[in-house]
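Since we're looking at a predicted model, the values are computed, not measured.
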Amino acid sequence: MGAGAGAAEEPSQTRRALVDTAAGAISGGISRTVTSPLDVIKIRFQVQLEPTAKWGVLRRDVSGPSKYTGLMQATKDILREEGLPGFWRGNVPALFMYMPYTAIQFTVLHKLKTFASGSSRTEDHLHLSPYLSYVSGAIAGSAATVGSYPFDLLRTILASQGEPKVYPNMRSALVDIVQTRGVRGLYAGLTPTLVEIIPYAGLQFGSYDTFKRSMMSWNRYRYGIEEDDSASSFQLFLCGFAAGTFSKAACHPLDVVKKRFQIEGLKRHPRYGARIESSTYKGMYHALTEIVVKEGFGGLYKGLFPSVVKSAPAGAVTFVAYEYISDWIGAKAGVE
């Protein structure tokens with residue numbers, strides 16, 4: 001009887017994993033496409049060595065004029081020079097990154113929560129301690145990062161260039177990276193990325209679970225709901241919005257360092273500012289200190305505003321889309 005139960009449970013777990021993979025991939029693709037314009041602006045700010053705020057342009061130690069000095073100014077410039085397609089520059093490799101990233105992330109996350117709670121039911125995962133939610137999110141984020149990193153690198157490179165293009169497509173960027181840096185170049189910036197993603201993913205998923213539990217408790221208190229205390233789609237959106245804002249604001253400096261490593265030594269059109277030469281940064285700590293010395297503490301937070309404006313709805317869209325798509329696919333496949 002035990003063997004029979006195990007055999008029956010295995011296909012169910014396999015179906016559950018497929019549901020998580022599909023729901024994660026679809027929700028990641030939707031989120032990425034919707035928020036691409038803000039992501040492009042954020043990357044342009046992060047890789048610009050010159051100041052990205054009007055007050056910083058007045059500093060005497062700036063070697064050249066700033067291409068972008070604010071969110072609205074950058075939006076107008078990109079629209080004028082590159083048209084609407086400019087806001088989706090790098091979206092193809094981004095989709096190649098985000099879809100497997102979110103698929104791996106949600107699949108690993110569900111597996112870890114199932115192991116920790118002893119149940120594969122999503123409702124039972126909400127009873128996990130916040131500590132386990134944070135740890136599960138951090139591990140899932142690390143696994144997803146390693147699995148999809150080369151596409152993250154290509155996305156940054158293509159999104160950071162304007163017109164005229166240095167790399168006309170993803171293939172030309174890939175070939176140039178391999179020729180100039182070798183295959184290892186596809187993982188440039190991986191270390192600061194992992195250092196960033198562990199607290200980022202942990203905070204994002206841990207805080208989302210915490211906010212969701214609080215929202216469900218509020219529903220029970222406010223409406224006297226006993227049997228069905230599930231959060232509404234708007235409440236899930238708010239939870240994802242808060243989780244995305246909190247986690248991104250806390251980890252932004254490491255994201256700036258990652259972007260600098262990703263484009264270090266690669267071609268850059270002069271109109272977009274100084275190029276980051278090869279071996280400018282000897283390591284993550286050196287990069288942090290160099291940015292502070294040459295650009296001030298504000299340099300570590302370049303692109304923070306569009307990043308938060310992007311990450312908050314991106315987190316909200318991802319979580320809400322995942323919850324609904326997972327439930328829909330699960331119902332079709334007969335998976336709880």
For Leu154 against Ala173, the heavy-atom pair lying closest together: CD2-CB, 4.0 Å

Backbone N or O of Lys259 within a donor-acceptor pair of the Thr156 side chain at under 3.5 Å? no

Can you check whether Leu266's main-chain N or O pairs, donor with acceptor, with Arg275's side chain at less than 3.5 Å? yes

At their closest point, which heavy atom of His286 faces which heavy atom of Tyr281, and how far apart are they? ND1-CA, 3.5 Å

Using the rule salt bridge (Lys or Arg N to Asp or Glu O under 4.0 Å), only one of Lys76, Lys67, Arg44 pairs with Glu81; which is it? Lys67

Could you tell me how the ring of His252 sits relative to the ring of Tyr301: parallel (under 30°), tilted (30 to 60°) or perpendicular (over 60°)? parallel

Side chains of Val47 and Gln262, heavy atoms from C-beta outward: is any pair under 4.5 Å? no

Can you name the nearest heavy-atom pair linking Leu71 to Phe305, along with the distance? CD2-CE2, 3.2 Å

In Å and rounded to the nearest 0.5 Å, what is the CG to NZ distance from Leu153 to Lys258? 9.5 Å

Quick one: CE on Met215 to CG on Leu238, what's the gap to the nearest 0.5 Å? 5.0 Å

To the nearest 0.5 Å, how far apart are CG in Leu49 and NZ in Lys302? 6.0 Å

Locate the shortest heavy-atom distance separating Ser160 from Ile263; write the atom from each residue and the value. OG-CG2, 4.2 Å

Quick one: closest heavy-atom pair of Trp88 and Val40, and the distance? N-CG2, 4.5 Å

Can you hop from Ile276 to Tyr285 via hydrophobic side chains spaced under 4.5 Å? no

Thr180: partners by side chain to side chain donor-acceptor pair (under 3.5 Å), with sequence neighbours left out: none

For the side chain of Thr69 and the backbone of Pro51, is there at least one donor-acceptor N/O pair under 3.5 Å apart? no

Heavy-atom closest pair, residues Phe151 and Pro93: CB-O, 3.4 Å

Tell me whether Glu50 contacts the main-chain N or O of Ala274 through its side chain, where contact means a donor paired with an acceptor under 3.5 Å. yes

Less than 4.5 Å apart, any side-chain heavy atom of Leu304 and any of Val256? no

Determine, stepwise, if the pair Ile43 / Arg155 fulfils side-chain contact (heavy atoms from CB on, under 4.5 Å). CA-CA 10 Å; Ile43 291 173; Arg155 180 276 308 253; 3.7 Å; yes

Kindly compute the distance separating OG (Ser172) from CD1 (Ile157), expressed to the nearest 0.5 Å. 10.0 Å

In Å and rounded to the nearest 0.5 Å, what is the CG to OH distance from Leu194 to Tyr149? 8.5 Å

Kindly indicate whether the side chain of Leu186, heavy atoms from C-beta on, has any atom under 4.5 Å from the side chain of Leu174. yes

When you compare the side chain of Arg260 with that of Thr280, does any pair of heavy atoms fall below 4.5 Å? no

Using the rule that two of Ile, Leu, Val, Met, Phe, Trp, Tyr join whenever any of their side-chain heavy atoms come within less than 4.5 Å, decide whether Val175 and Val178 are in one cluster. no

Does CZ in Phe87 sit with more than 12 non-hydrogen atoms of other residues, nucleotides or ligands closer than 6.0 Å? yes

Just verifying a value: how many Å separate Leu254 CG and Thr193 OG1, rounded to the nearest 0.5 Å? 9.0 Å

Let me check something: do Met72 and Leu38 share a hydrophobic cluster, defined by ILVMFWY side-chain heavy atoms less than 4.5 Å apart, either directly or through other members? no

Can you check whether Tyr68's main-chain N or O pairs, donor with acceptor, with Gln48's side chain at less than 3.5 Å? yes

Using only atom types and a distance under 3.5 Å, with no angle test, would you say the side chain of Arg89 pairs donor to acceptor with the backbone of Ser36? no

